[in-house]
Each structure stands twice: as C-alpha cells, then as structure tokens.
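Below is one structure, written out as structure tokens; comments come after it.
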Amino acid sequence: MDFIPFNKPPVTGKELQYISQAIAGDKLSGDGPFAKQCEQWLEEHTQCNKALLTPSCTHALELAALLIDIQPGDEVIMPSFTFVSTANAFVLRGAKIVFVDIRPDTMNIDETKIENAITANTKAIVPVHYAGVSCEMDTIMAIANKHKLFVIEDAAQGMMSTYKGQSLGAIGHMATFSFHETKNYTSGGEGGALLINDQRFIQRAEILREKGTNRSLFFKGMVDKYTWVDIGSSMLPSEIQAAYLYAQMEQAQEINHSRLSIWNNYQNAFSKYQAAGAIELPSIPSDCRHNAHMFYVKLSDVDVRDQFITHMKNQNILTVFHYLPLHSTVAGRQFSHFYGEDKYTTKESEKLVRLPLFFNLKKEEVDRVIRVACDFFDKLV
Ligand SMILES: *Cc1c(COP(=O)(O)O)cnc(C)c1O
C-alpha cells in the first residue's frame, strides 16, 4: 500500500526549462525578466496596483509592517488561529498583538468582534483568508476606514480566490501572498509577494526591499546614481525562484481546476456524514470563490480528531492538523492578548484535520483517501 503524503510541491513541467533560461541569461539576482513577468501577472490577475516579489510571505508581512510604520506600543488586530508570521512581522517592530475570535463556519476572523477591540493605539487589522476563503472584507474595510486603520490582508493561501468578484490581495491597503511549497503555487519551495493597493506605499516599498537604496529608481533611469536613502533590507528573490514561479503562473487555471476537482470530490463523498451530524465540512460563503487551498474536516473533539489521524496513518495516509492558537503559545503569552471570549478559536482548531490535497495528487489516491476516511466516518453515524 503506497504512502500518500499530505503535500507535494506543485510541478507543471516547464520549471526546468525556465530555470535553464534564467541561468543562460545575464541576470540571476532580483528584479530580473522572470520576476518582472511574475509581478506583471500578479498585477493583471488580481488588479492590485503594484506587486513585488519577496523571498517569502513572512518577508512581505515584515515589509508591510515597516511601510505602515509600526512603532513600539502600536496594536494590531488579527485572529489567533493563524501562522506565526502573521503576528511575528508586527511583533518585530514592537507591536502588541490583539487577537479576536474566529467564526466557526470559515475559521476566519469574526468581523463582528473587531470594532470592540480597537483602542487609541490600534494601527492595523490583519485579516487572514484561511483556506483561501475570504474574510468578510466589506465589513472589515468599513471598520478600518471609520477608525483610520490600515488593512493588511494575509492572503498567503488566497491566490486565485475572490470576494464579490474582487481578487483576494486587491482589497486591503496591502496584502501578502506565499509561494511556499505547501501553497497552491510555489517559487521553488520558498517565496512570496507584497501586493500594494494604496499607491502611497509603492515607491518606499521598492526602496525598503532594495536594502534602503533607490536602486530601482536608478534602473528605471530616474536617478543617475543609487545610494542609501532609507531603512531597508534585502527582500528580493532570485531569478531562479521567479523562473519556477512563472511556470506555475502560466498554468494557474489548470492548477486551480485540478485542486477544485479534488476538493469537490472530497466534499461530495463526505456530505452525507455532515448531513448525519457526524462531521463538519468547510463552508464557503456565497460571496466567495475559493481556490481549494485546503480540504479540512472537523470532528467532534480533539480525541476523535486524533483517532482519525491515527486511523489514516495506519493506512499509510498522512493527514495533519494546525494551528495551535497563537495566544496559547510561549511567545503568544508574551506579545499578545486575546480580546473578549475565546469561544471558537481553541475549540474549533482542536477539531480540525486536513486531508492530502495537491496538484499532482492522482485520482486513485483521492479515491483511496475517501475510502479510508469513510471507513472511519461510518462508525460515527
Ligand atoms: C504560509 C503562510 C504564511 C507564511 O508564508 P511563508 O511564505 O512561508 O513565509 C503566513 N501566513 C499564512 C496564513 C500562511 O498560511
């Protein structure tokens, strides 16, 4: 019985050719021809104002925190059910993280809990589009505008998803994508992008990403020497990463369709168990088109969830859970606090388990995952 992994990095076929092309060219550092093509692709497909590739989504979040000038003591509101970088990017600048509860249906930040958590120190809201399913962005943008706060979308999982027809990443003041190998599209293992919608940030973003120099203006012929003009860091991925990513962008629809078809197979096979009250399945609000980033099942509690993982593992299928809510972690207790009641964050996260879902997952493997999972669910009804 072959092992079915939880994830394999997507490969579409053109990656090696494009990497060879990059090597044969005369620029392997950042901002090369493939990087430009990737950024243009992102701008066209999301309709964001400006896209800048970064070495990771973590870096893109850190860049966003620098751009909105987070200072020690500033507060940033986000869900606790997220990856550590969502918080750490702001903690690095001295911010205090304020977590609010999630909605049990989408596992996204509960937009109705945000406004009460705002204080005179609040600087930004960071909605995380969990599983590539959008947060309730109209409400979040209205709250942000009313209180003059920035919205940084953590759209790490959200490329190719939409909210009311608008691409995720094109809604907040800025947004971040991840091209880590566990995401729908990868730039060869690690990578990310900062998407900028508020034009005020574009020029400074290019400077901060280029070690605090105006090198990008120099390349555009807008200054005749480049020099140190601001704080900054090195946040450009290499041309080899961009070449890998561009091969994936060219196949973005194929990857999306293939993932959605796996997702729908899971959903259809398991819906009768949801109807019987044995499990819960992801729910997609009608305003949202998702990208099948993830298929998860929620079981009745942490014990049943762990029994399920063991059951799948015994049949050579790897299923995983995440995230340990950040407010309960060692660093979380130091840098954050949870505003209001933790009604769903901890409870719902303990029920959740993710099934294998990746571009190169074969139909017969999907069928086997379904068969083995159903053996377990049958015993619950
Ligand atoms: C994957 C992920 C990140 C981090 O992405 P990297 O590219 O690995 O830095 C941040 N936030 C969320 C919600 C993620 O899923």
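Everything quoted here is computed from the prediction, not taken from an experiment.
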Test: Lys211 and Asp230 ion pair at under 4.0 Å: no
Note, Ile102 side chain near Asp110 side chain (heavy atom, < 4.5 Å): no
Minimum side-chain heavy-atom gap Ser336-Val98 below 4.5 Å: no
From Glu239 atom CD to Leu28 atom CG, the distance as rounded to the nearest 0.5 Å: 7.0 Å
Derivation of the side-chain contact (heavy atoms from CB on, under 4.5 Å) call for Thr227 and Thr213: CA-CA 5 Å; Thr227 173; Thr213 72; over 6 Å; no
Ring centers of Phe201, Phe150 separated by less than 6.0 Å: yes
Between Tyr339 and Asp101: side-chain donor-acceptor atoms closer than 3.5 Å: no
Pair His327-Ser80, side-chain hydrogen bond (donor to acceptor under 3.5 Å, both in side chains): steps then yes or no: CA-CA 6 Å; His327 69 282; Ser80 175; 2.8 Å; yes
Side-chain H-bond candidate by donor/acceptor type, Asp69 with Gln71, under 3.5 Å: yes
Candidate pair Glu250 and Tyr18, rule side-chain hydrogen bond (donor to acceptor under 3.5 Å, both in side chains), full reasoning: CA-CA 11 Å; Glu250 281 190 331; Tyr18 287 177; 2.6 Å; yes
Aromatic plane relationship, Phe179 with Phe177 - under 30° parallel, 30 to 60° tilted, over 60° perpendicular: perpendicular
His290 side-chain N/O to Thr162 backbone N/O, donor-acceptor pair under 3.5 Å: no
Short N-O contact, Asp301 and Lys351, less than 4.0 angstrom: no
Inter-residue atom distance Lys14.NZ - Gln251.CD, 0.5 Å rounding: 7.0 Å
Any side-chain heavy-atom pair of Gln248 and Glu15 under 4.5 Å: yes
Nearest-0.5 Å distance, CG of residue Asp154 to OG1 of residue Thr176: 4.0 Å
Flag, side chain of Asp342 to backbone of Thr345, donor-acceptor distance under 3.5 Å: yes
CA sep, side-chain torsions, deciding dist, call: Glu43, Thr46, side-chain hydrogen bond (donor to acceptor under 3.5 Å, both in side chains): CA-CA 6 Å; Glu43 286 159 16; Thr46 67; over 6 Å; no
Sidechain-backbone polar pair: Ser178 side chain, Gly192 backbone, donor-acceptor under 3.5 Å: no
Ion pair Lys146/Glu115, N-O distance below 4.0 Å: yes
Side-chain touch Leu208/Ser233, heavy atoms, less than 4.5 angstrom: no
side-chain contact (heavy atoms from CB on, under 4.5 Å) evaluation trace for Leu260 with Asn291: CA-CA 7 Å; Leu260 279 165; Asn291 59 0; over 6 Å; no
Salt bridge flag under 4.0 Å for residues Glu62 and Arg93: no
Ser20 side chain to Leu16 backbone, donor-acceptor under 3.5 Å: yes
Minimum-distance pair of heavy atoms, taken over all atoms of Ala278 and Leu380: CB-CB, 3.8 Å
Test item: Val126 and Ile77 side chains (from C-beta on) under 4.5 Å apart, heavy atoms: no
Side-chain donor-acceptor pair present, Glu153, His173, cut-off under 3.5 Å: no
Modelled atom types, side-chain donor and acceptor of Ser85 and Thr58, under 3.5 Å: yes
Over 12 foreign heavy atoms within 6.0 Å of NZ, Lys313: no
Nearest-0.5 Å distance, CG of residue Leu61 to CG of residue Asn88: 10.0 Å
Pi-cation contact, Phe321 with Arg305 (under 6.0 Å, within 45°): yes
Step-by-step side-chain contact (heavy atoms from CB on, under 4.5 Å) determination, Thr12 to Phe359: CA-CA 9 Å; Thr12 62; Phe359 174 60; 4.2 Å; yes
Parallel, tilted or perpendicular, as decided by the 30° and 60° cut-offs, for the rings of Phe376 and Phe308: perpendicular
More than 12 heavy atoms from other groups under 6.0 Å of NZ on Lys27: yes
Which atom of Tyr244 lies closest to which atom of Pro10, heavy atoms considered: OH-O, 3.1 Å
Check ion pair Asp74-Lys96 (N to O, under 4.0 angstrom): no
Derivation of the side-chain hydrogen bond (donor to acceptor under 3.5 Å, both in side chains) call for Tyr163 and Glu136: CA-CA 8 Å; Tyr163 169 77; Glu136 183 35 54; 2.7 Å; yes
Passing option when Arg259 is tested against Asn184, Asn264, Leu361 for side-chain contact (heavy atoms from CB on, under 4.5 Å): Asn184
Working for side-chain contact (heavy atoms from CB on, under 4.5 Å), residues Glu44 and Gln40: CA-CA 6 Å; Glu44 278 166 14; Gln40 205 178 344; 3.6 Å; yes
Asp367 bridged to Lys363 by N-O distance under 4.0 Å: yes
Expected output: side-chain Gln315 to main-chain Val372 donor-acceptor under 3.5 Å: no
Side-chain ion pair, Glu348 and Lys298, N-O less than 4.0 Å: yes
4.5 Å side-chain heavy-atom contact, Ile240 and Ile23: yes
Interatomic distance, Cys48 atom SG to Ile196 atom CD1 [nearest 0.5 angstrom]: 8.5 Å
His180 and Thr182 side chains, donor-acceptor separation under 3.5 Å: yes
Atom CG of Asp2: over 12 foreign heavy atoms under 6.0 Å: no
Pair Phe295 + Tyr266: ring centers closer than 6.0 Å: yes
Donor on one side chain, acceptor on other, Glu75 and Thr119, under 3.5 Å: yes
Atom pair CH2/CD of Trp228 and Glu210 - distance to nearest 0.5 Å: 15.5 Å
Parallel, tilted or perpendicular: rings of Phe338 and Phe99 (30°, 60°): tilted
Pair Tyr130 and Phe81, ring centroids less than 6.0 Å apart: yes
Check: Asn7 side chain, Glu181 main-chain N or O, donor-acceptor pair, under 3.5 Å: yes
Within 6.0 angstrom of Lys220 NZ, more than 12 heavy atoms from elsewhere: yes
Donor-acceptor contact present, side-chain Thr82 to main-chain Met78, <3.5 Å: no
Glu190-Ser187 side chain donor-acceptor pair, cut-off 3.5 Å: no
